[in-house]
Chemist: 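Handing you a structure now.
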Amino acid sequence: MFFPFHRLRKWQQVKATIIVATLFTPATPLLAASCCGGGSGGSLILPKMSSAMFDMSASQENYNGFWQADGTILQDPPGSDLKQLRLNVGAAYRLAPNWQTSFVLPYVWNRNQYSGYEHNSNGLGDSSFSLLYEAFDDITCVWKVRELSDLKPAIYWGATLTVPTGISPYDDVPNKLDTTGLGFYRLDGSLHVEKTIYPLTASLTLNHGIHIKRPVNRERGEHVKPYNKQLGDRTSVTTSFSYTHFMDSLDAITAGFSYNYLTEGKTVTDGTEDSASGFRKQSISTSLTWAESGNRWITRVSWNHSINREGWGENFPITDIYTLGVSYLYE
Amino acid sequence: MNRNFYLLFLLSALLLLSACVDMKNDLLPSASDQRSAVTVGTIGHRPEQLVADFTLPNSTGKDFTLSTHLQTGTEPADAIVLYFTMWCPICLGHSDHMFNTVMPQFQDRGDVVYILVDYVSGSTAVVRATETASGYTGSGFVTLADNDQSLLKQFEATNGTTVVIAGDGTVLLNEDYRTGENLMNILDEHLPL
């Protein structure tokens with residue numbers, strides 16, 4: 001296999017970190033079924049050598065049945081066509097050499113035809129604001145392992161606050177299918193570890209989020225006797241692998257594969273656990289990222305696929321998510 | 001320069017957010033009781049109101065009329081429980097909870113009619129098929145086919161809405177299922193010992 005080691009330059013290391021950082025942005029645990037809210041925007045990772053980044057992505061999530069509470073699959077009724085479209089706009093900014101901040105604002109369109117019932121709606125989704133600490137000073141990507149220190153990975157510690165800017169079931173909406181957000185603040189802590197030994201990269205992302213308890217005094221547009229509600233804690237693990245190919249034009253193409261495990265605990269209402277709540281989901285993703293030679297533009301496509309087998313999820317829709325995104329970087 | 005761009009972008013986004021929708025209810029959720037007063041005994045869908053009579057086909061095509069099951073009807077019940085379902089996982093979780101927990105708890109406490117209202121299938125035949133596929137045939141629930149969503153509109157319901165009607169036609173409860181605890185409390189208060 002030909003690989004142009006002799007042509008490697010500092011900028012190529014930069015490019016590689018760019019690809020890695022944009023490709024392995026921690027997978028946002030998606031809870032996008034419109035009857036459940038969803039539409040969260042996720043978070044961004046700014047490459048080490050960049051000072052700022054603007055990002056825009058469009059995704060479509062298609063529903064193909066759901067896992068019941070016992071893990072068995074129930075297909076959607078004939079004639080059903082459930083989908084959610086999302087447009088995410090975000091930006092990241094470097095506050096200090098090892099600190100960065102970012103935000104993502106999503107806009108959501110629900111397109112639901114369930115048996116003979118059709119419902120379409122759109123609105124802002126839940127926004128997210130992140131603070132990330134890079135526990136490394138220099139780029140850790142290496143071409144060859146010569147000493148033990150070459151094995152040092154890039155480690156990111158982060159916190160993300162999801163803000164309920166979407167339309168929730170507790171807003172003035174008559175139908176849960178009209179919702180584009182969950183209605184809860186959530187604080188996530190995350191750890192992202194990645195290592196690149198060209199042309200291969202591996203990463204691991206751990207995420208744990210706590211929903212903040214809130215009072216509710218309205219359901220489906222009508223005021224109700226107030227009560228307190230708290231969604232369960234959310235935990236996800238994502239592991240990914242990728243291969244980067246540098247072209248003669250100095251552009252780079254990276255193909256990636258990842259696996260995601262996501263779970264959420266049970267909802268508590270006025271101190272009582274909702275036995276029908278909580279979920280578990282496993283999914284895989286493939287992605288292709290293209291970074292142009294000027295290190296400015298990154299374009300990516302990805303496909304996230306829920307593993308459509310019994311026992312691979314509980315109490316959650318089975319979906320496919322297609323995403324097309326573009327980022328613009330400042331050095 | 002980048003910082004200015006970032007801040008400008010962030011501020012623009014926040015301005016857009018604040019201008020687009022009324023998010024106050026979620027950003028600053030209120031615990032105040034803002035329910036408007038209800039005139040007891042008027043016709044309506046809210047607690048303390050009297051429910052208007054309705055007739056819908058059940059999953060076998062036979063008509064179900066509410067007034068038949070009120071105190072003055074030919075098959076009087078102590079309470080009628082309506083649950084609006086689209087057979088989604090959350091809906092099935094709730095109806096399973098009713099079947100496994102609520103119904104056994106009150107089986108010796110008078111006559112209660114438990115009803116699943118299917119407002120999404122669109123035809124009685126599909127309602128029947130979905131009821132069977134979901135394992136609810138012969139479960140003790142009556143499944144009604146709200147093919148034109150008239151009952152959904154009457155109760156201003158959505159998926160997961162739970163309504164309890166007393167034998168005299170008074171609405172006792174009309175809210176999301178949540179945990180089922182409110183449903184059990186209402187039945188416990190209302191049903192004979």
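Proteins come first, then strands; the chains are lettered A, B, ... in the order of their sequence lines, and each starts at number 1.
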Chemist: What part of E181(B) gets within 4.5 angstrom of chain A, counting heavy atoms only: side chain, backbone, both, or neither?
Modeler: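 Side chain only.
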Chemist: Under 4.5 Å from any heavy atom of chain A, what part of N174(B) do you find: side chain, backbone, both or neither?
Modeler: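 For N174(B), the contact with chain A is made by backbone and side chain together.
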Chemist: Of the backbone (N, CA, C, O) and the side chain (C-beta and beyond), which part of T130(B) lies under 4.5 Å from a heavy atom of chain A, both, or neither?
Modeler: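 No part of T130(B) comes within 4.5 Å of chain A.
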Chemist: Under 3.5 Å, is there a donor on one side chain and an acceptor on the other for S168(A) and D26(B)?
Modeler: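 Yes, D26(B) and S168(A) have a side-chain donor paired with an acceptor closer than 3.5 Å.
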Chemist: Side-chain contact test, heavy atoms from C-beta onward, threshold under 4.5 Å: evaluate it for R214(A) versus N25(B) and give yes or no.
Modeler: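 They are in contact (side-chain heavy atoms under 4.5 Å apart), so the answer is yes.
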Chemist: Heavy atoms only: give me the nearest I90(B)-A276(A) pair and the separation to one decimal.
Modeler: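 Result for this residue pair: O-CB, 4.3 Å.
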Chemist: Is a donor on one side and an acceptor on the other found under 3.5 Å between the side chain of E219(A) and the backbone of D176(B)?
Modeler: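 Side chain of E219(A) to backbone of D176(B), a donor-acceptor pair under 3.5 Å: yes, one is there.
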Chemist: Donor-acceptor pair, distance only, cut-off 3.5 Å: does the side chain of Y227(A) make one with the backbone of A31(B)?
Modeler: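 Absent.
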Chemist: Report the distance from atom CZ of R218(A) to atom CZ of R35(B), rounding to the nearest 0.5 Å.
Modeler: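 Between atom CZ of R218(A) and atom CZ of R35(B) there are 14.5 Å.
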Chemist: When heavy-atom pairs shorter than 4.5 Å are enumerated against chain B, which of A69(A), A92(A), G90(A) gives the highest number?
Modeler: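 The residue among A69(A), A92(A), G90(A) with the greatest pair count is A92(A).
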Chemist: I need the minimum non-hydrogen distance between F66(A) and W87(B), along with the two atoms involved.
Modeler: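 Shortest heavy-atom contact: CZ-O, 3.3 Å.
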Chemist: Salt-bridge test for R220(A) and E175(B): reply yes if a basic N is under 4.0 Å from a carboxylate O, no otherwise.
Modeler: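 Salt bridge flag = no for E175(B) with R220(A).
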Chemist: Out of K229(A), E222(A), R94(A), E273(A), return the one with the most heavy atom pairs under 4.5 angstrom to chain B.
Modeler: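 Counting heavy-atom pairs under 4.5 Å, the top option is E222(A).
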Chemist: Would you say Q68(A) and L92(B) make side-chain contact, with heavy atoms under 4.5 Å?
Modeler: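 The answer is yes; the side chains approach within 4.5 Å.
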Chemist: What part of S123(B) is in contact with chain A, defined as an atom under 4.5 angstrom from a non-hydrogen atom: side chain, backbone, both or neither?
Modeler: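 Contact with chain A involves no heavy atom of S123(B) at all.
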